[in-house]
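Chain identifiers are assigned alphabetically (A, B, ...) following the order of the sequence lines, protein sequences preceding nucleic acid strands; residue numbering begins at 1 within each chain. Source: prediction; values computed, not measured.
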Number of protein chains: 2
Amino acid sequence: MKKAEATRLNILQKAFELIYGSGYKTTSIDHIIATTQVTKGAFYYHFKTKDEMGLAIINEVLKPTLLNSLLEPLQKEQNPLEAIYNLIDNLLMKNKVLKVEYGCPVANFTQEMAPWNADFSEALDELTKQWKKIMTTTIEKGKEGGFVRKDVNAKQVTLFVISGYWGIRNLGKIENSKTIYLSYLKELKSYLNTLK
Amino acid sequence: MKKAEATRLNILQKAFELIYGSGYKTTSIDHIIATTQVTKGAFYYHFKTKDEMGLAIINEVLKPTLLNSLLEPLQKEQNPLEAIYNLIDNLLMKNKVLKVEYGCPVANFTQEMAPWNADFSEALDELTKQWKKIMTTTIEKGKEGGFVRKDVNAKQVTLFVISGYWGIRNLGKIENSKTIYLSYLKELKSYLNTLK
DNA sequence: ATAAAAACATACTAATTAGTATGTTTTTTA
DNA sequence: TAAAAAACATACTAATTAGTATGTTTTTAT
């Protein structure tokens with residue numbers, strides 16, 4: 001049971017790229033099997049339905065890869081404000097997988113699927129909850145370490161930061177240029193400085 | 001030429017509601033004509049293609065209604081920071097057209113269409129540009145009026161606020177509850193207070 | 001090596017999609 | 001009021017959709 005795992009992963013990764021670029025409903029299974037060079041029989045051997053594949057993408061592709069690049073940067077640095085800034089800066093300006101014109105894959109999935117598929121909502125909720133949780137505890141630690149004002153509400157700040165990130169990714173899609181990111185990052189820095 | 005205008009508007013408004021709820025690509029023309037009680041012949045008399053209708057929705061439904069509720073509140077109040085807070089508060093908590101579970105219609109359209117249809121991108125860009133412009137000038141006026149610190153970058157703040165709004169609307173879709181909006185609004189108020 | 005299960009391949013189906021062809025009815029204009 | 005144009009109605013089409021039925025090949029365990 002090794003090659004089968006490879007084809008499964010191949011489907012998930014290629015399908016993720018297609019969906020990230022064109023949206024879930026627009027990406028047809030025929031299109032997926034055409035680009036993966038996998039036959040329909042193989043596809044439906046691995047996934048009972050398209051939605052089962054969609055869920056697998058969230059759980060087996062998005063979660064591992066994103067949580068790695070979302071959580072780790074928050075955990076290794078001591079100063080949470082710098083950690084948050086660097087994290088967002090990395091996501092917007094340096095990350096090679098994420099593209100301006102396609103926005104944030106998690107936000108895309110949420111927008112397209114959240115109201116219509118409870119399983120998707122739940123999986124996406126788990127993902128964002130983890131991100132929120134680690135960011136909040138990072139800020140709380142920063143309060144104890146003297147990096148952040150004691151009266152700062154960590155949960156609120158977390159929500160504010162994540163909202164801004166999702167939003168600027170969406171705004172970036174319209175202009176299709178990273179220059180808008182720079183303005184956003186400047187203001188993010190100003191905002192974070194007020195929390196010191 | 002009066003009744004014809006009525007059917008056209010009827011199509012646009014009902015189609016907007018369907019698309020706002022289910023997304024552009026998922027909302028089929030058959031579904032639209034079923035709920036509008038308009039025949040296919042009538043539909044295609046008014047719109048050459050589905051995309052032409054989509055553009056008309058942005059220009060003839062979204063622009064007039066939204067710009068009215070987005071621009072006006074910013075113009076009548078003197079204190080720009082209060083104006084911005086009240087605007088966002090109204091959009092999130094009081095607006096009857098906008099629903100938590102469906103997010104922001106402009107953001108939805110952007111996310112689904114922006115990378116794939118240049119005409120859509122342009123129309124949406126115009127809409128957001130107008131919102132950005134009026135918010136920026138409001139803040140600039142507030143600087144002169146002594147409501148806002150002189151060193152505040154109005155464009156950056158505008159971008160930051162709009163991003164946050166789009167983002168929190170998207171986050172709201174996952175939880176499908178307005179309680180998350182309250183936390184966001186609290187932090188928005190804190191942030192705006194730092195600009196005094 | 002062989003039987004059994006896992007993995008994949010091919011050819012289909014029924015429903016849905018955007019859009020068209022060809023009408024009829026209603027308004028408008030002269 | 002009659003001709004012409006505008007507005008709408010009905011019945012289709014060709015392509016695409018997710019999913020299935022029925023195979024064959026490849027692995028794995030014995």
Side-chain angles (χ1 to χ4, degrees), chain A residues 1-58 60 108-109 112-113 115-120 123, chain B residues 1-58 60 108-109 112-113 115-120 123:
Chain A
M1 295 191 197
K2 212 64 183 293
K3 188 134 176 287
E5 276 300 308
T7 41
R8 182 191 164 90
L9 208 70
N10 183 242
I11 293 172
L12 288 178
Q13 282 171 342
K14 292 259 172 63
F16 162 71
E17 280 168 41
L18 290 173
I19 290 168
Y20 176 41
S22 316
Y24 178 77
K25 279 155 189 163
T26 313
T27 303
S28 71
I29 288 165
D30 283 345
H31 194 181
I32 291 170
I33 64 174
T35 60
T36 50
Q37 306 266 51
V38 157
T39 62
K40 195 157 260 192
F43 179 93
Y44 278 98
Y45 172 78
H46 287 283
F47 311 101
K48 257 212 285 288
T49 64
K50 189 189 179 184
D51 281 6
E52 194 175 296
M53 180 212 61
L55 266 176
I57 287 178
I58 296 177
E60 295 166 42
N108 290 0
F109 254 115
E112 199 177 349
M113 304 302 292
W116 299 111
N117 190 308
D119 294 326
F120 276 73
Chain B
M1 297 187 198
K2 213 62 183 293
K3 188 136 176 285
E5 276 300 309
T7 41
R8 181 190 165 90
L9 208 71
N10 183 241
I11 293 171
L12 288 179
Q13 283 171 342
K14 291 259 172 63
F16 161 70
E17 279 168 44
L18 289 172
I19 290 168
Y20 176 40
S22 318
Y24 178 78
K25 279 155 188 162
T26 313
T27 303
S28 72
I29 288 164
D30 283 345
H31 194 181
I32 292 170
I33 65 174
T35 60
T36 49
Q37 305 267 49
V38 157
T39 62
K40 196 158 260 193
F43 180 93
Y44 277 99
Y45 172 78
H46 287 284
F47 310 103
K48 259 212 284 285
T49 64
K50 187 187 181 185
D51 281 6
E52 195 175 292
M53 180 212 61
L55 265 176
I57 287 178
I58 296 177
E60 296 166 42
N108 290 0
F109 253 116
E112 197 176 351
M113 304 303 291
W116 298 111
N117 190 308
D119 295 326
F120 276 74

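Put simply, CD1 on A:Ile29 is 16 Å from P on C:dT16, counting in whole angstrom units. Rounded to whole Å, the distance from CG on A:Asp30 to P on D:dT17 is 6 Å. If you measure from atom NE2 of B:His31 to atom C1' of C:dT16, you get 13 Å, rounded to the nearest angstrom. Rounded to whole Å, atom C1' of C:dT17 lies 12 Å from atom CD1 of B:Ile33. The CZ-P distance, from A:Phe47 to D:dG19, rounds to 13 Å in whole Å. The distance from atom OH of A:Tyr44 to atom P of C:dA7 is 19 Å, rounded to the nearest whole Å. Note: CG (A:Leu9) to P (C:dA7) measures 14 Å, nearest angstrom. Look at CZ on A:Phe43: it is 8 Å from P on D:dG19, rounded to the nearest Å.
In this entry D:dT22 has C:dA9 as its Watson-Crick or G-U wobble partner, both defining distances falling under 3.5 Å. Searching all strands for a Watson-Crick or G-U wobble partner of D:dT16 with both distances below 3.5 Å returns C:dA15.
Within the 4.5 Å cutoff, the side chain of A:Asp119 has no heavy atoms near those of the A:Asp51 side chain. Looking at heavy atoms from C-beta onward, B:Leu55 lies out of side-chain contact with B:Glu52 at the 4.5 angstrom threshold.
Taking the six-membered ring for Trp and thresholds of 30 and 60 degrees, A:Phe47 and A:Phe43 have ring planes inclined between 30 and 60 degrees apart. In this structure, B:Tyr24 and B:Phe109 have tilted ring planes: the angle between them lies in the 30° to 60° band.
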Exercise. B:Ile19 and B:Met53: side-chain contact (heavy atoms from CB on, under 4.5 Å), yes or no, with the steps?
Worked result: CA-CA 11 Å; B:Ile19 290 168; B:Met53 180 212 61; 4.0 Å; yes
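Interatomic distance, B:Asn10 CG to B:Thr35 OG1, rounded to the nearest 0.5 Å: 8.5 Å.
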Please produce a list of atom pairs where a protein N or O lies less than 3.5 Å from an N or O of nucleotides 8-14 of chain C.
unit_1	atom_1	unit_2	atom_2	d
C:dC8	OP1	A:Thr7	OG1	3.3
C:dC8	OP2	A:Thr7	OG1	3.1
C:dC8	OP2	A:His46	NE2	2.7
C:dA9	OP2	A:Thr39	OG1	3.0

